[in-house]
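Here is the structure we will look at.
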Amino acid sequence: MPQIAYLGPAGTFTEQATRSLTGDFDAELVPCETVPLALAAVRRGDVLAAGVPVENSVEGSVNATLDALTEDEPLVAVQEALLPIQFDLLVRPGTELAAIRTVTSHPHALAQVRNWLAENLPNAEVRAASSTAAGAAAVAAGESDAAISAPVALEHYPSLERLVGGIADVRDAVTRFLLVRRPGKLPEPTGADRTSLCAVISDEVGTLADMLAELSLRGINLSRIESRPLKDRFGEYRFFLDFDGHVADARIGDALTALRRRCSTVRFLGSYPKADRSPASVRPSASEQAFLASAQWVEDVRAGRLA
Ligand SMILES: O=C(O)C(=O)C[C@]1(C(=O)O)C=C[C@@H](O)C=C1
């Protein structure tokens with residue numbers, strides 16, 4: 001049975017998302033303490049794939065994931081999942097709100113309940129945990145009074161109880177997760193795909209605008225752009241781009257060819273079906289047919305068949 005790593009321990013949102021991402025096949029889920037450790041297990045070949053959080057509608061990108069995707073051997077995303085996010089406040093039985101002195105969770109979770117904490121636990125010390133479930137484990141071990149956790153965590157920590165449920169500063173918050181593997185056969189195009197890549201451009205006038213123009217000229221819808229520092233070179237960045245379409249689509253292949261020429265580094269991070277299955281809207285001049293017909297025309301001109 002294939003093994004799939006995820007940000008653990010059991011009871012995280014990532015575990016829930018990874019279960020839905022691997023719902024089509026039998027898999028053994030392997031918890032890892034951090035996203036970089038989960039991705040390292042994939043790179044070593046210890047596991048087939050890893051489920052990782054990549055972006056939250058409230059708090060933005062999960063930087064640990066973006067960095068770990070690009071700072072070592074290439075990996076590619078093959079599937080994505082969206083999960084609605086609301087939190088529970090878990091405590092040891094009998095703990096009242098007024099008695100809570102310490103509260104712990106994953107920093108991304110804490111950021112999504114900042115207002116709730118300010119209103120309801122203004123004097124509690126807030127401590128970062130490696131995941132929401134690690135926060136629950138800390139409460140079970142008596143190391144913290146309360147944890148901001150995923151509702152599923154209670155199943156794994158039956159010694160705890162839910163003091164407050166449905167906590168969220170922003171209703172309808174969503175986190176996007178990816179199933180990531182070593183490079184290999186890509187998922188087939190579905191007409192409702194997303195392509196992710198990371199590009200490093202030179203620090204010169206107009207290079208970012210030029211890079212984005214390569215997408216817009218081909219009618220490609222950019223859904224996300226994010227920059228992360230290169231770390232070893234102050235003031236230089238890598239850009240993470242998500243856009244509609246599959247690398248097998250003619251307009252995407254054409255845009256990637258142009259980006260490869262323009263950027264000092266391009267890393268392909270995958271083409272995979274979008275979780276919401278919303279089809280890409282493609283204008284007629286960027287359709288497969290238009291690209292094929294125009295490539296054929298150039299071939300005919302070059303061969304002397306047309307002028
Ligand atoms: O700690 C967890 O439960 C996670 O799965 C991580 C994570 C994240 O990195 O954003 C996932 C979803 C929520 O947005 C909060 C935390």
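Index from 1, following the sequence. First listed ligand is number 1; within each ligand, the first listed atom is number 1.
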>> Any atom of ligand 1 sitting under 4.0 Å from a heavy atom of Gln112?
In response: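 In this structure, Gln112 qualifies as a contact of ligand 1 - some heavy atom is under 4.0 Å.
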Please identify which atoms of ligand 1 are closer than 4.0 Å to at least one heavy atom of [X].
X      : value
Leu7   : 4 (C), 6 (C)
His108 : 8 (C), 10 (O)
Thr12  : 2 (C), 3 (O), 5 (O)
Ser131 : 1 (O)
Thr14  : 4 (C), 5 (O), 6 (C)
Asn56  : 14 (O)

> Got a donor-acceptor contact below 3.5 angstrom from the Ser271 side chain to the Val247 backbone?
Replying inline: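 Yes, the answer is positive, given that a donor and an acceptor are paired below the 3.5 Å cut-off.
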> So, Thr257 side chain and Gly253 main chain: donor-acceptor pair closer than 3.5 Å or not?
Replying inline: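 Flag set: sc Thr257 to bb Gly253 pair under 3.5 Å.
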> Can we say Asp145 and Arg101 salt-bridge, meaning some charged N sits less than 4.0 Å from an Asp/Glu carboxylate O?
Replying inline: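 No.
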> Could Arg176 and Glu80 be called an ion pair, given the rule that one side-chain N must be under 4.0 Å from one carboxylate O?
Replying inline: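 Between Glu80 and Arg176 there is a salt bridge, with a charged N closer than 4.0 Å to a carboxylate O.
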> So which protein heavy atom does atom 2 (C) of ligand 1 come closest to, and at what separation?
Replying inline: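 Answer, as residue, atom name and distance: Thr132 OG1, 3.2 Å.
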>> Students should be able to answer this: which protein heavy-atom is nearest to atom 16 (C) of ligand 1, and at what distance?
In response: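 Of the protein heavy atoms, His106 ND1, 4.0 Å lies nearest.
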> Taking the six-membered ring for Trp, are the ring centroids of Tyr6 and Phe177 within less than 6.0 Å of each other?
Replying inline: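 Not close enough - the centres of the two rings lie 6.0 Å or further apart.
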> So, Asn115 versus Glu119: side-chain donor-acceptor pair below 3.5 Å or not?
Replying inline: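 There is no such pair (donor and acceptor under 3.5 Å, judged by atom type) between the side chains of Asn115 and Glu119.
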> What residue among Ile225, Leu197, Leu269 forms side chain to side chain contact (heavy atoms under 4.5 Å, CB included) with Phe240?
Replying inline: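 Answer to the side chain to side chain contact (heavy atoms under 4.5 Å, CB included) test with Phe240 among Ile225, Leu197, Leu269: Leu269.
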>> Would Phe13 count as being in polar contact with ligand 1, using the rule that some N or O on each side must be under 3.5 angstrom apart?
In response: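 The answer is yes, given that Phe13 and ligand 1 share an N or O pair closer than 3.5 Å.
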